[in-house]
Amino acid sequence: AQTVTQSQPEMSVQEAETVTLSCTYDTSESDYYLFWYKQPPSRQMILVIRQEAYKQQNATENRFSVNFQKAAKSFSLKISDSQLGDAAMYFCAYRDYFQGGSEKLVFGKGMKLTVNP
Amino acid sequence: GAVVSQHPSWVICKSGTSVKIECRSLDFQATTMFWYRQFPKQSLMLMATSNEGSKATYEQGVEKDKFLINHASLTLSTLTVTSAHPEDSSFYICSARDLSRAKETQYFGPGTRLLVL
């Protein structure tokens, strides 16, 4: 079964600085998707970024970028120019490729990010 | 786009009563919706996958007679907690896939807080 591990339960960063959140996963599949979701105090889950495993290029969304290392099964999230609004729980998630695979998202335990002014 | 709503956002009920939670996709059709449960400071736990026009698929350990799921239309899925007890108190979140967009991505509702007295 696929597993997702977020080994750091909490991190903090100074406003305007850069922080990297780590995530590792385990799968025997070659094609899959990886996600980072953000859950602020409102508890609304918000998609931050998505990566297809068959794409070698790392995904970027404005201040958010990933470092996807397929061989190492690592999927870290870098937040640049951190803002107070980035403070939230961050969840790393995995799902099989759509065709014939499970549609389920497998979540890590989450990591609480604090942004200090 | 890809907005998912839930109703109610908060519900308090007496032990032994049943509670219905609605999940709606507002601007897209969702053939598949997912129901999660989240305890404080923990990750999301998938309860069941809801498919329009067919029976839901429940995860191991989830009582299907306790948590009734109905996906009667392409925009609405409901979760009914039957004969609720205090241990059912939790945060329930639904998500949906938008096949017209990135079909592998789940978009989440804002969640429903259930408190059983």
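Numbers restart at 1 for each chain; the letters A, B, ... are given by sequence-line order, proteins then strands.
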Legend entry - Heavy-atom contact with chain B under 4.5 Å, split by part of Gln6(A): neither
Inset, instruction - Check each atom of Thr32(B) against the heavy atoms of chain A and say whether the ones under 4.5 Å are side chain, backbone, both or neither. - result: side chain
Inset, instruction - Starting at CD of Gln106(B), measure out to CZ of Arg50(A) and round the result to the nearest 0.5 Å. - result: 12.0 Å
Legend entry - Distance, nearest 0.5 Å, that separates NZ of Lys104(A) from OH of Tyr36(B): 9.5 Å
Inset, instruction - To the nearest 0.5 Å, tell me how far Phe91(A) CZ sits from Gln38(B) CD. - result: 5.0 Å
Inset, instruction - Mind checking the CZ-CZ spacing from Arg43(A) to Arg113(B)? Nearest 0.5 Å is all I need. - result: 5.0 Å
Inset, instruction - Identify whether Tyr92(B) and Val116(B) are in the same connected component of the hydrophobic contact network (ILVMFWY, side-chain heavy atoms under 4.5 Å). - result: yes
Inset, instruction - For Glu87(B), look at atom CD and say whether over 12 heavy atoms of other residues, nucleotides or ligands are found less than 6.0 Å away. - result: yes
Inset, instruction - Answer yes or no: does atom NZ of Lys112(A) have more than 12 heavy-atom neighbours from other residues, nucleotides or ligands under 6.0 Å? - result: no
Legend entry - Atom NZ of Lys70(A): over 12 foreign heavy atoms under 6.0 Å: yes
Inset, instruction - Establish whether Phe91(B) and Met45(B) are linked, either directly or via other cluster members, by ILVMFWY side-chain heavy-atom contacts under 4.5 Å. - result: no
Legend entry - Distance in Å, Leu44(B) CG paired with Gln39(A) CD, rounded so as to fall on 0.5 Å steps: 6.0 Å
Legend entry - Neighbour count >12 (heavy atoms, 6.0 Å) for atom NZ, Lys64(B): no
Inset, instruction - Work out which heavy atom in Gly108(A) is nearest to a heavy atom in Ser43(B); give both atom names and the distance. - result: O-OG, 2.7 Å
